[in-house]
J.: 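Next up is a structure, given as structure tokens.
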Amino acid sequence: MSTSATGSKTQNGGGVAAPPDVDAVVVGAGFAGLYMLHRLRGMGLSVRVFERGSGVGGTWYWNRYPGARCDTDSVEYSYEFSDELQQEWRWTERFATQPEILRYAEHVADRLDLRRDIRFESTVTEAAFDEAAGHWRVATDNGVRISATYFIMATGCLSAVNRPSFDGLDRFEGEWYHTGAWPHEKVSFAGKRVGIIGTGSSAIQSIPVIAAEARHLTVFQRQANYSIPARNAPLDAAKYAAIREQYGEWRRRGKENPAGCWWVLNPATAEELSEEERRRELEARWQKGGLSMYGVFNDVLVNPAANDVATDFIRSKIRAQVHDPRVAALLSPHSFIGCKRICLDTDYYATFNRPNVTLVDISNAPIEEITRTGVRTGGSDFELDTIVFAIGFDAMTGPLLRVDIRGREGQTLKAKWTDGPRSYLGLAVEGFPNLFTITGPSSPSVLTNMIPAIEQHVEWIADCIAHALARGRPRIKATRAAEDAWISHHDEVAAGTVFPGCNSWYVGANIPGKPRRVTPYTGGFPAYIEKCEEVAANGYEGFTLAV
Ligand code: NAP
């Protein structure tokens, strides 16, 4: 066991408690866990990371489905804490593939010598705060028991898959896969009748790829989604070199964008523009591709009228691509754009012109059951050799709640969050001292470029721990008042946006029984960073420190 630097002074019923095994346990070796380990190590602390997979990469370790890519530009989707790292790594395409991103995570792990503190194929199942000792006692599924002063959940927002619970799945005689837990070996669709359930980002990326290989592809759609052309291409060497020369400046600009991205937010509201100017703005962003449609008008996410202008435009683009007007109508969403995650695609809509692709609308006829030979819905049977479940995740809270986390007086996180998550800044939870959540509920997380969001959290947590340790009072607790105030601000901001108005995973609508509330912070990355910095500058306002 490593020796801890944090726990030797803890009192236990008048005596001096044994120090914890390590200063910090970190759960997850994705981009959050890797950087947290590096940062805490740099402070001289002992750290143990537990990772469910057999390698690093988190989301990018598991999501190996056909066509998987990031929909943030690759030049923006990397760590900025080390200039050496960002200078030496070379992305090849505008939107990096899953294998390339995984190679990047592996490169970082090797470059920073992180693997020696990571235990792979180890799932943390329980963590309980031992109040007397002031330690977390953590258990894994492979029998490890370890104590730590700090317990840090770096489990990501989209790592708990929404498991298919359709009746009859166990009887299905074909093969089935979930996009979020894809096999490491290539899955062959050649000559097969394939069905895919879901039309979110994962499906929209994989449908064109599967359709090109399968004998027939049947797409089961519950709600249509807005998708923008990715316009992926190899990176232009000269432009990329120019970005690398000015990386600091680009990163700084990203921090001024509501999503932490480099696309430009239109300063004008839709109303301030003429019809011609709106059309030009929409067309320019459509042609550029990527996620810049989020910034087409300053008020697109808060003003339904502005949102309508954008959605009318995109529906016209869908009609222009899909030959059969009935299919085009089914593929055209009528919800607000942005209240569900905007998708990026390569040839998604055009794929429905292929003779070997069928769209099945299940909006009014849910899947009744999986039969021995396929899918039954709306009284019809669809014969299939392979089913792909692209049904998403128990997002944001799922990865936290699948660990049995117990705070003060044995209170479970699950019980505390019965009516939905409550957290101070998405970083700490009242009643759970020394627990930190990286990109937790009520932080901007999934509404931002994830890597800058992760870096901002990791650095804030590390600084907070350093602050507590420097004062000889390692026990850090969020107060109830601070948590309440943050959640009421969070809810108030969300209420003024389009987010509550859709059945999306942002509000938990995809998981039966999940309390419905907007889970990520919708006030934008810059406002959030400012708040976190203010809290730190005021001596970690809203937290109490204790021995
Ligand atoms: P998702 O967006 O939640 O999509 C799941 C799909 O499955 C939806 O179409 C959903 O329909 C459908 N579905 C769920 N349960 C169903 C059921 N019981 N019956 C029928 N249909 C059902 O999941 P995802 O596509 O995996 O994407 C999740 C998030 O991951 C994205 O929003 C994005 O943030 C991230 N992601 C990013 C990338 C990228 O960077 N390119 C790629 C993939 C994913 P409803 O819409 O009706 O609920």
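Residues take their numbers from the sequence shown, with the count starting at 1. Just so you know, ligand 1 is whichever comes first in the structure, and atom 1 is the first atom listed for that ligand.
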J.: Give me the nearest non-hydrogen protein atom to atom 46 (O) of ligand 1 as residue plus atom name, then the distance to 0.1 Å.
T.: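 That would be K340 NZ, 2.6 Å.
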J.: Are any of the side-chain nitrogens in E88 or R111 under 4.0 Å away from the carboxylate oxygens of its partner?
T.: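 Salt bridge between E88 and R111, a charged N being under 4.0 Å from a carboxylate O: yes.
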J.: Quick one: which residue pairs count as a salt bridge (Lys or Arg N to Asp or Glu O under 4.0 Å) with a foot in residues 341-368, not counting sequence neighbours?
T.: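 For residues 341-368: D71-R341.
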J.: Measuring from the heavy atoms of T199, does anything fall under 4.0 Å of ligand 1?
T.: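 Within the 4.0 Å threshold, so yes.
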J.: Would you call R171-E369 a salt bridge at under 4.0 Å N-O?
T.: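 Yes, this pair counts.
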J.: Looking at K317 and E283, does any basic side-chain N land under 4.0 Å from a carboxylate oxygen?
T.: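 Salt bridge flag = yes for E283 with K317.
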J.: Of all the non-hydrogen atoms in the protein, which one sits nearest to atom 10 (C) of ligand 1, and at what distance?
T.: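 Closest protein heavy atom to atom 10 (C) of ligand 1: R222 NH2, 4.2 Å.
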J.: Between F166 and ligand 1, which residue portion shows a heavy-atom distance shorter than 4.0 Å: side chain, backbone, both, or neither?
T.: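 Side chain only.
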J.: Check whether NZ of the Lys or CZ of the Arg R103 lies under 6.0 Å from the centre of the six-membered ring of W89 and within 45 degrees of that ring's axis.
T.: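 Judged by the rule (NZ or CZ under 6.0 Å from the ring centre, within 45° of its axis), R103 is not positioned above W89.
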J.: Test side chain to side chain contact (heavy atoms under 4.5 Å, CB included) on T155 and L400; report intermediate values, then the result.
T.: CA-CA 7 Å; T155 39; L400 298 169; 3.7 Å; yes
J.: When you check the gap from the basic side-chain N to the acidic O, do E213 and K192 get nearer than 4.0 Å?
T.: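 No, this pair does not count.
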J.: With a 4.0 Å heavy-atom cut-off (strictly under), which part of L158 contacts ligand 1: side chain, backbone, both or neither?
T.: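 For L158, only side-chain atoms sit under 4.0 Å from ligand 1.
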J.: If you have a sec, work out which protein heavy atom is nearest atom 4 (O) of ligand 1 and how many Å separate them, to one decimal?
T.: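 For atom 4 (O) of ligand 1, the nearest protein heavy atom comes out as G200 CA, 3.5 Å.
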J.: Would you kindly specify which portion of F220 sits under 4.0 Å from ligand 1, judged on non-hydrogen atoms: side chain, backbone, both or neither?
T.: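 For F220, no heavy atom sits under 4.0 Å from ligand 1.
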J.: Parallel under 30°, tilted from 30 to 60°, perpendicular over 60°: which one fits the rings of Y104 and F31?
T.: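 Tilted, since the angle between the ring planes falls between 30° and 60°.
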J.: Under 6.0 Å from the NZ atom of K414, do we count more than 12 heavy atoms belonging to anything else shown?
T.: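 No, NZ of K414 has 12 or fewer neighbouring heavy atoms, counting only those of other groups under 6.0 Å.
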J.: Among protein heavy atoms, which lies nearest atom 36 (N) of ligand 1, and at what distance?
T.: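 Protein heavy atom with the smallest distance to atom 36 (N) of ligand 1: S201 CB, 3.9 Å.
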J.: Among all protein heavy atoms, pick the one closest to atom 23 (O) of ligand 1 and tell me residue, atom and distance.
T.: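 Looking only at protein heavy atoms, the one closest to atom 23 (O) of ligand 1 is G392 CA, 3.2 Å.
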J.: Classify the contact between A390 and ligand 1 as side chain, backbone, both or neither, using a heavy-atom distance cut-off of under 4.0 Å.
T.: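 The part of A390 near ligand 1 is the backbone, not the side chain.
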J.: Specify the protein heavy atom at minimum distance from atom 39 (C) of ligand 1: its residue, its atom name, and the distance to 0.1 Å.
T.: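 Result: R69 O, 3.2 Å.
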J.: Give a yes/no verdict on whether any heavy atom in I362 is under 4.0 Å from an atom of ligand 1.
T.: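 True for this residue.
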J.: Determine, for Y424 and R422, whether the Lys NZ or Arg CZ falls below 6.0 Å from the six-membered ring centre while staying within 45 degrees of the axis.
T.: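 No, a cation-pi geometry is absent between R422 and Y424.
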J.: What part of Y65 sits under 4.0 Å from ligand 1 if we count only heavy atoms: the side chain, the backbone, both or neither?
T.: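 Looking at Y65 and ligand 1, just side chain atoms fall under 4.0 Å.
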J.: With heavy atoms only and a cut-off of under 4.0 Å, state how Q221 meets ligand 1: side chain, backbone, both or neither.
T.: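 For Q221, no heavy atom sits under 4.0 Å from ligand 1.
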J.: Any non-hydrogen atom of G180 lying under 4.0 Å from ligand 1?
T.: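 Distance cut 4.0 Å: G180 fails for ligand 1.
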J.: Suppose we screen for disulfide bond (SG atoms under 2.5 Å apart). Which residues come up paired with C339, at least two apart in sequence or across chains?
T.: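 Residues passing disulfide bond (SG atoms under 2.5 Å apart) with C339: C502.
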J.: Does ligand 1 have any atom that is closer than 4.0 Å to a heavy atom of V446?
T.: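 No, that is not the case, since the closest heavy atom of the residue is not under 4.0 Å from the ligand.
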J.: Considering only protein heavy atoms, which is closest to atom 26 (O) of ligand 1, and at what distance to one decimal place?
T.: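 Going atom by atom, the protein heavy atom closest to atom 26 (O) of ligand 1 ends up being S202 OG, 2.6 Å.
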J.: Which part of Q223 is near ligand 1, with near meaning a heavy atom under 4.0 Å away: side chain, backbone, both or neither?
T.: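 Both backbone and side chain.
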J.: Should the pair H489 and Y521 be assigned to parallel (<30°), tilted (30 to 60°) or perpendicular (>60°) ring geometry?
T.: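 The rings of H489 and Y521 sit tilted, inter-plane angle from 30° to 60°.
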J.: Is Q205 close to ligand 1, meaning an N/O of one under 3.5 Å from an N/O of the other?
T.: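 So ligand 1 has an N or O lying under 3.5 Å from an N or O of Q205.
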J.: Between ligand 1 and N510, is the shortest N or O to N or O distance under 3.5 Å?
T.: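 Not met; the criterion fails.
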J.: In terms of residue, atom name and distance, what is the protein heavy atom nearest to atom 28 (C) of ligand 1?
T.: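 So the nearest neighbour among protein heavy atoms is W505 NE1, 3.7 Å.
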